[in-house]
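These notes are about the structure you will find just below.
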Amino acid sequence: MFRTALRTVLAHKLRLLMTMLAVLLGVAFVAGTLVFTATMDKGLRDSSSKDYAGISVAVTTTGASARDADQGKRPDGVSDALLGRLGRLDGVASAQPVLTGFTGVADAKHNLIGGSSFGTYGGNYAPVGAGHTDPRYHFTSGAAPTGAGQVALDAKTAKDGGYRVGDTVDVAVTGPVMHEKLAGIFTTQDGNVASGGTLTLFDTATAQKLFLAPGLSGGVNLRAAPGTSQQQLLDRVNTAIKGQSGLEAKTAQQLIDDQAKQISAGMSTMNTIFLSFAGVALFVGIFLIANTFTMLVAQRTRELALLRAIGASRRQVTRSVLIEAVIVGVVSSVVGYLVGLGLSLGMRSLISSNGGNLPNNPLVITPTSVISALAVGIVITVLSAWLPARRAAKIPPVAAMSSSDAPPKQRSLIVRNAIGAFFVAVGGALIALGLHSSGSTGQKALTLGGGAAVGLVGIIVLTPLISRPVIGAFTPLLSMFGVSGRLAKRNSLRNPRRTAATATALMIGLTLMSALGVVVTSLKSGIAAAATDGIRADYSISNANFTPMDQSVVAKVKQVPGIAAASGTERADVTIDGKQPEVNAMDTTVLSQLFHVDRISGTVGALSPSQIAVSDKTAAKEHWRTGQSVTVKLPDGSSRQAVVSGTYKGGPGLPATMVDRTMLSGHTFKEPVERVFVKAAPGKAGSALKSDIKEALGNSPIVQVQTRDDLLNSFNTQIDQVLYMVYGLLGMSVVVAVIGVVNTMAMSVFERSREIGMLRAIGLDRRRVKRMVRLESLVISVFGALLGMGAGTFLAWAAGRLIKPSFATYAMKVPWSQYGIFFGAALVVGVLAALWPARRAARLNALEAIKSD
Amino acid sequence: MTTTQPPFATTGESSAAARATALTKVYGEGETRVVALDGIDVEFSRGQFTAIMGPSGSGKSTLMHCMAGLDAITSGSATIGDVELSRLKDKHLTRLRRDRIGFVFQSFNLVPTLTAIENITLTMDIAGRKPDSQWLDQIVDTVGLRDRLKHRPGQLSGGQQQRVACARALAGRPEIVFADEPTGNLDSRSGAEILSFLRESARSFGQTVVMVTHDAVAASYADRVLFLADGRLVDELVAPSADRVLERMKQFDGKGRTS
């Protein structure tokens with residue numbers, strides 16, 4: 001049986017080509033993902049263990065501490081006194097204070113080197129040991145910074161900025177620009193620098209002042225003296241830091257393990273994301289594979305009947321078809337895995353060429369990735385061939401005696417339609433239930449999502465039924481193409497199952513793309529409304545990575561001529577009557593100039609230090625009334641009495657609770673400013689004012705001055721980047737679907753070669769034979785695209801109903817231009833997919849085709 | 001004639017609907033070289049029903065394929081009306097087949113997705129011509145398919161399908177109809193209906209018909225029978241009877257069986 005199967009595969013290799021290509025692509029996608037993530041995982045772990053070379057125990061601040069500092073609390077850290085105590089512990093060879101923070105370096109044109117705020121860091125140069133050097137850094141020119149006004153830069157950053165030792169470099173940490181002298185240029189093994197980030201070094205005292213507070217370090221790296229183990233040292237350190245809030249100590253091994261865990265978690269997320277897209281592509285492939293085997297079995301009816309006639313059992317016939325599937329699966333999976341290796345290399349160099357510097361270790365080929373990729377390819381192929389194989393076994397032996405390989409009578413669609421209708425009904429009922437039930441949002445989401453999924457499956461099952469009216473609706477258009485159009489239409493309806501399976505493959509990708517397109521477009525407009533509706537200010541000033549800015553920014557902006565009002569907003573860690581609503585502090589005397597505030601009761605603007613204003617929602621939630629007296633606990637821990645002075649209508653862009661910044665004055669550490677809102681004087685708003693503001697801030701590379709449009713664009717650009725990436729990943733499944741259309745058309749042409757030969761004989765010219773094939777391909781593609789866009793819109797609508805309750809400004813918006821592009825792409829796909837089959841059809845020799853009796 | 005003139009210049013009234021002069025067809029080269037047709041001279045007169053017979057391998061099908069512009073000729077000439085086929089490129093050959101030739105095949109070769117009437121008017125649809133409704137009615141009635149016009153080929157019997165094919169061949173009023181073993185796949189009763197129809201179309205409508213067959217009874221319906229052997233025209237019978245045809249064919253038995 002195996003030999004028969006192998007011969008059959010070899011005999012039909014051209015007809016199996018497209019199937020193999022589809023499996024190959026899917027497997028390559030899976031293998032590429034697995035190998036890429038395994039390789040990255042190894043590379044990143046290796047580089048992370050380098051980061052901890054020479055460290056035995058590290059003392060760090062906890063994550064919560066950093067957040068508190070952004071909200072005006074005094075930051076936690078290692079005081080110089082504690083640092084000294086740790087250094088004198090028994091068994092400590094050296095204790096090195098560590099400080100890091102967001103630090104931007106400007107190039108000559110005042111732009112941020114590195115382009116984005118990601119990976120843009122500053123640190124401290126802390127000499128230790130007998131050599132009195134910092135072993136982490138190696139200076140190639142100049143020397144380490146030794147005091148305020150001096151910095152050192154990593155070699156790549158210095159080169160990018162065109163800086164040499166002695167130059168003045170514009171650096172910014174909390175907003176305002178600082179003009180520093182470049183003392184030295186260094187190289188380092190630091191992982192962040194290795195992956196394309198920038199690193200600016202200050203001396204420890206300056207770094208303390210900039211990043212935390214004078215005399216306070218973010219952490220300490222301790223090196224054990226010979227004879228002291230990491231664990232022994234850890235125990236001593238833990239005793240020494242006992243009672244210090246926000247500090248923890250870990251051995252280097254623990255830190256390496258932690259980081260490895262983090263890397264693995266990140267990689268596994270990446271794996272999951274990519275593999276789900278590979279899954280979609282493979283799922284689409286199922287339709288193609290099933291189509292191919294169905295057609296192959298139909299074409300070989302006589303041959304298979306002969307096998308049965310000479311004594312092969314049903315099971316043997318089934319098995320022979322399945323063995324064919326296994327051969328196809330194995331060959332394409334093996335090739336697919338190799339392609340996947342190339343893909344993962346390509347992925348790495350693609351990311352690297354876009355600025356992300358990834359570790360360049362050799363590819364990691366694990367047995368898991370080999371086995372799972374091959375298994376996926378083979379199992380998918382065999383599963384898809386299962387039904388056709390069972391059908392092959394049902395061919396009666398007598399079919400061998402029939403005169404021609406007439407395709408078997410088409411099975412009735414009644415059962416299929418009944419199943420599909422059932423699914424659609426259940427799905428519809430679930431959706432209705434989800435929309436009108438009074439359950440929790442989670443329950444509703446589950447019901448609605450489940451309903452949409454079940455309904456979608458139903459629609460896929462019903463596609464053959466739907467194909468008739470939809471393709472029927474194309475008739476007037478197709479009639480314009482005369483006899484080719486009419487024949488194309490009939491041909492596409494000839495085998496509804498095949499047309500449906502082919503169109504469904506295309507539909508799946510487009511469903512997801514359309515749904516995503518609608519949701520994202522709606523989200524964008526929702527965000528636009530949320531981000532700008534409540535705001536009256538002309539400019540919003542913030543740090544590029546949204547870390548808080550220095551209070552001095554506000555004063556500098558206020559001095560710019562042409563500005564009517566400006567105020568910083570401070571996110572404050574304030575407790576009111578034991579509750580912790582979102583509290584924003586600002587200069588409330590200019591509130592109405594910067595925000596649209598609808599007052600409901602009492603006073604909202606120009607608050608005194610002992611007044612708070614709350615939104616209606618907060619008031620209702622916390623049961624606060626105007627005039628009520630409350631106890632306010634400020635960030636520095638002190639308490640004061642205050643009065644709820646008024647309420648306003650809450651909305652997007654407005655905080656839940658507002659206080660005047662004078663209430664916080666003197667009670668916060670460093671007064672960190674989240675944003676500065678600026679209203680221009682009448683007629684002054686424009687690009688001139690914008691550059692004046694930038695100028696006033698010393699053209700700081702990290703501060704962004706954004707108009708309302710800039711703000712929206714920056715949101716939209718970020719969202720679009722993700723959207724296009726997802727489109728690209730879904731594109732893979734569309735490629736498989738296109739291969740499916742090529743496959744179906746090639747098969748159709750092959751099956752109908754006699755008919756096409758006759759048409760040629762009685763006078764249909766080559767051009768119109770081509771057109772006939774092309775139109776059929778177009779009909780199938782457009783049908784698939786329309787189904788996909790319809791289903792996608794529906795899914796997006798269902799998703800919108802779920803998003804709406806938690807996102808007030810969300811409103812469903814259909815991206816018509818994108819839909820236009822999808823539709824146009826479907827047309828292109830239809831034409832392209834028919835290119836080869838149409839040429840084959842036109843080249844058919846009429847005589848040969850007719851003679852083959 | 002109410003039909004639009006086909007786009008080929010038909011100068012004057014030549015008595016022959018189709019003609020072959022020194023028609024030679026050679027397949028292959030060197031050792032595999034086979035001479036299928038060896039200098040055939042033949043005329044198919046207008047309104048005449050001609051049968052071509054011969055043992056298998058005699059070249060009778062090749063002759064038909066060459067005359068119908070389905071196969072290229074090696075040397076000599078083949079004309080339909082006044083059009084020399086050997087000089088035509090594929091595009092014009094296709095148009096010639098569409099406008100001036102009708103075909104009936106052994107295995108019917110209807111388009112399964114089209115109804116009977118759509119199959120009948122297919123050539124005219126391809127040409128973008130309006131069918132002559134009176135003529136169409138006449139043909140439909142002659143083949144007796146009036147109540148089957150909306151059926152698909154799959155819903156018709158073999159005889160009915162072949163009658164649809166005949167109607168299709170005649171519907172465009174071609175210069176000549178070529179029928180390739182039209183009764184080969186039919187029972188004798190259905191076969192007789194088809195043959196009567198072909199003879200009738202020659203007699204009543206003046207339709208030139210050329211039929212390739214290996215069945216003596218089928219050949220006896222024709223006005224004349226041509227006998228081919230080894231690529232050469234060896235004999236001709238006018239107003240044949242089945243017995244005379246059979247007798248003539250027996251003479252070939254020495255060389256080979258009749259198909």
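Model, not experiment: these values are computed from the prediction.
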What part of A:R752 is in contact with chain B, defined as an atom under 4.5 angstrom from a non-hydrogen atom: side chain, backbone, both or neither? neither
I'd like to know which of [options] tops the heavy-atom pair count under 4.5 Å against chain A.
options	answer
B:D180, B:D125, B:V111, B:L110	B:D125
B:I126, B:L122, B:T123	B:I126
B:P112, B:G184, B:G128	B:P112

Heavy-atom proximity to chain A below 4.5 Å, by part of [X]:
X	value
B:D90	side chain
B:L114	both
B:L93	neither

Taking distance alone, no hydrogens or angles, what donor-acceptor pairs closer than 3.5 Å link side-chain atoms of residues 463-471 of chain A to residues at least two apart or in another chain?
| unit_1 | atom_1 | unit_2 | atom_2 | d |
| --- | --- | --- | --- | --- |
| A:T463 | OG1 | A:I459 | O | 3.0 |
| A:T463 | OG1 | A:I460 | O | 2.6 |
| A:S467 | OG | A:P464 | O | 2.5 |

Who are the ring pair (Phe, Tyr, Trp, His ring centres under 6.0 Å) partners of B:F105, not counting sequence neighbours? B:F103
Do A:N743 and A:T292 get their side chains close enough for a donor-acceptor pair, meaning under 3.5 Å? yes
Ignoring hydrogens and geometry beyond distance, is a side-chain donor-acceptor pair present between B:T24 and B:D38 at under 3.5 Å? no
A:V483, A:L487, A:D765, A:I762: which one forms the most heavy-atom pairs within less than 4.5 Å of chain B? A:I762
Inter-residue atom distance A:R497.CZ - A:L413.CG, 0.5 Å rounding: 4.5 Å
The test is side-chain hydrogen bond (donor to acceptor under 3.5 Å, both in side chains); show your working for A:N291 and A:T502 and say whether it passes. CA-CA 8 Å; A:N291 251 358; A:T502 314; 3.1 Å; yes
